[in-house]
Engineer: 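Once you've had a glance at the structure underneath, I'll fire off some questions.
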Amino acid sequence: MNAARPASDNAMTERARFEQLALPHMDAAYNLAFWLLRHRADAEDAVQDAYLRAYRSFHDFRGDDIRPWLMKIVRNVAFRRLSDRKRARNVISFDAALFDRQVGEAAVWQVPDDSASAEEVVIGSGEQATLRRALSELAPIFREAIVLRELEAMSYREIADLTSVPIGTVMSRLARARAELRKILTRIETEDESNAM
Amino acid sequence: MRAMRCDSAELIGAYIDQELAPEARREMAAHLETCPACVALTGDIRHISGKLAALGRALAPEDLEARVRARLAIAEAETMDRPRLAVWGERLQRGWIFATSAMGHLSLVREVAHLRFSARFFARPHFPARRIGIKH
């Protein structure tokens with residue numbers, strides 16, 4: 001008797017059900033991961049990790065709409081990668097400080113920088129490229145608020161649930177993010193005009 | 001109800017995003033008819049929101065879905081093997097619990113028997129130099 005057979009049948013059904021519910025949201029998952037990490041390869045890895053975690057926790061999922069639950073996992077994975085990245089950069093910088101005083105040079109180039117990565121984010125030219133560049137310069141929590149609201153069309157309630165903050169905080173973050181974006185865009189436009197002269 | 005302030009960027013943002021309750025929405029609409037600064041801010045926010053919405057999502061590579069499916073298939077295969085391992089693991093665990101439990105009972109029986117013997121023949125219980133117990 002193969003005790004595993006009934007379990008394997010259940011596992012097949014479970015995966016098919018999970019894929020049916022979760023895969024349609026992959027574009028949204030990738031978009032969020034990309035804008036948090038600003039690095040294509042990292043975003044792809046984060047999405048794969050998130051889907052794997054979601055599949056392994058699928059027995060915990062209740063309800064019909066998997067998107068909020070899935071996006072929360074994507075968000076957690078992406079933020080964990082962000083903090084790992086910062087930690088790695090600090091370790092490399094520290095080692096460089098101990099053994100090679102030229103901190104900030106080749107020692108840290110292997111870790112994707114937290115600042116805007118032009119080749120990863122800015123695609124094309126013109127207004128959209130400028131906007132992407134400005135968006136990438138926002139701090140992660142403000143960038144996240146803008147992406148979820150403007151690119152994913154989430155409600156304030158949905159954003160609050162996803163980011164585990166009150167709605168008032170969502171409003172505050174959006175207001176600050178929009179104000180910052182306007183400043184950054186003005187600065188970029190001024191720089192471009194200066195460069196053009 | 002909080003009085004409408006000219007610097008309520010949060011409220012203006014919520015108004016544009018259609019997130020205000022009906023009464024607050026009416027108040028904001030009325031305020032915008034009289035406040036040029038707020039009208040200008042509303043225009044700025046609408047402008048940038050429109051541009052951002054037109055930006056669209058960052059596009060995932062075409063093979064990402066296939067890669068995700070492949071990883072899920074591997075995870076599923078691991079789940080199929082796990083029940084067999086879980087059964088053997090459980091049997092081992094039950095065996096260990098039984099063995100330690102039996103030794104515990106045996107030790108207790110021997111201790112009680114010895115105490116009763118000691119109480120009968122000695123003023124104080126006489127414990128053997130070597131105690132039999134469960135070794136961890």
Side-chain angles (χ1 to χ4, degrees), chain A residues 2-8 10-12 14-15 18-19 22-23 26-35 40 43-44 47-52 55-56 121 123 127-128 131-132 134-135 146-147 149-153 155-157 167-168 170-179 181-182 185, chain B residues 2 5 7-21 24 40-91:
Chain A
N2 186 354
R5 184 160 297 160
S8 74
N10 290 340
M12 292 282 283
E14 195 81 343
R15 177 166 76 103
F18 174 78
E19 288 179 352
L23 288 179
M26 182 165 297
D27 287 344
Y30 179 79
N31 187 50
L32 178 61
F34 175 78
W35 280 111
R40 291 192 182 282
E44 292 166 25
V47 167
Q48 290 178 76
D49 285 349
Y51 268 77
L52 197 57
Y55 173 60
R56 287 181 175 149
V121 171
I123 296 174
E127 196 176 58
Q128 288 206 340
L131 194 51
R132 286 193 187 96
L135 187 53
I146 290 284
V147 167
R149 173 63 214 155
E150 307 288 10
L151 302 187
E152 294 299 329
S155 69
Y156 285 15
R157 167 49 63 193
I167 284 184
V170 174
M171 287 173 63
S172 166
R173 286 180 181 177
L174 274 171
R176 286 187 62 183
R178 284 161 169 161
L181 264 181
R182 288 200 304 280
L185 284 168
Chain B
R2 183 169 68 171
R5 288 164 39 185
D7 59 349
S8 291
E10 294 176 16
L11 287 177
I12 290 173
Y15 173 75
I16 292 167
D17 294 336
Q18 300 186 19
E19 291 276 351
L20 289 182
L41 182 55
T42 305
D44 286 347
I45 294 174
R46 276 194 210 279
H47 177 76
I48 204 164
S49 281
K51 296 286 182 196
L52 285 164
L55 204 56
R57 286 175 172 157
L59 294 175
E62 287 181 7
D63 67 337
L64 183 58
E65 183 174 320
R67 281 187 269 155
V68 167
R69 285 181 183 272
R71 285 190 73 172
L72 294 177
I74 292 169
E76 179 194 55
E78 289 169 357
T79 307
M80 285 166 66
D81 287 339
R82 200 169 293 138
R84 276 194 224 106
L85 295 173
V87 166
W88 280 108
E90 197 181 342
R91 286 179 183 168

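Computation of the quantities below employed the complete heavy-atom set of this structure, encompassing side-chain atoms and omitting hydrogens, waters and symmetry-equivalent molecules. The sequence lines fix the lettering, A, B, ..., with proteins before strands; numbering per chain opens at 1.
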Engineer: Do B:Asp63 and A:Glu44 touch side chain to side chain, with heavy atoms closer than 4.5 Å?
Structural biologist: no
Engineer: Check each atom of A:Ala153 against the heavy atoms of chain B and say whether the ones under 4.5 Å are side chain, backbone, both or neither.
Structural biologist: neither
Engineer: About how many Å separate CG of B:Leu72 and CZ of A:Phe18, when rounded to the nearest 0.5 Å?
Structural biologist: 5.5 Å
Engineer: Is A:Arg149 close to chain B through its backbone or its side chain, or both, or neither, when contacts mean heavy atoms under 4.5 Å?
Structural biologist: side chain
Engineer: Does B:Tyr15 have any side chain to side chain donor-acceptor pair (under 3.5 Å) partners at least two apart in sequence or in another chain, and if so, which?
Structural biologist: none
Engineer: So for A:Ile167, is it side chain, backbone, both, or neither that comes closer than 4.5 Å to the heavy atoms of chain B?
Structural biologist: neither
Engineer: Does any part of the side chain of A:Gln48, heavy atoms only, come nearer than 4.5 Å to the side chain of B:Leu64, both counted from C-beta?
Structural biologist: yes
Engineer: When you check the gap from the basic side-chain N to the acidic O, do B:Arg57 and A:Glu152 get nearer than 4.0 Å?
Structural biologist: yes
Engineer: For A:Leu174 and B:Asp17, work out which heavy atoms get closest and say how close.
Structural biologist: CD1-OD2, 4.1 Å
Engineer: Step through the shown structure and confirm whether more than 12 heavy atoms of other residues, nucleotides or ligands are within 6.0 Å of CZ on B:Arg71.
Structural biologist: yes
Engineer: To the nearest 0.5 angstrom, please state how far the CD1 atom of B:Ile74 sits from the CG atom of A:Leu52.
Structural biologist: 9.0 Å
Engineer: Sort B:Leu59 into side chain, backbone, both or neither according to what part of it lies under 4.5 angstrom from a heavy atom of chain A.
Structural biologist: backbone
Engineer: Chain A: which of B:Ala53, B:Gly50, B:Gly56, B:Ser49 shares the most heavy-atom pairs with it under 4.5 Å?
Structural biologist: B:Ser49
Engineer: Holding to side-chain contact (heavy atoms from CB on, under 4.5 Å), I want the full list of residues that pass it with B:Glu65, two or more places apart in sequence or in another chain.
Structural biologist: A:Leu23, A:Met26, B:Arg69
Engineer: Pick from B:Ile48, B:Leu55, B:Ile45, B:Asp44: which one has the most heavy-atom pairs with chain A under 4.5 Å?
Structural biologist: B:Leu55
Engineer: Restricting to non-hydrogen atoms, name the atom on A:Tyr30 and the atom on B:Ala58 that form the minimum distance, rounded to 0.1 Å.
Structural biologist: CD2-O, 3.5 Å
Engineer: Measure B:Ala73 against the heavy atoms of chain A and call it side chain, backbone, both or neither at under 4.5 Å.
Structural biologist: both
Engineer: Please confirm whether the backbone N or O of A:Arg15 pairs with a side-chain atom of B:Glu76, one donor and one acceptor, at under 3.5 Å?
Structural biologist: no
Engineer: With heavy-atom distances below 4.5 Å as the criterion, would you say the side chains of A:Arg182 and B:His47 are in contact?
Structural biologist: no
Engineer: Please report the interatomic distance CZ(A:Arg178) to CD1(B:Ile12), rounded to the nearest 0.5 Å.
Structural biologist: 11.0 Å
Engineer: Tell me, side chain or backbone of A:Leu32 under 4.5 Å from chain B's heavy atoms, or both, or neither?
Structural biologist: neither
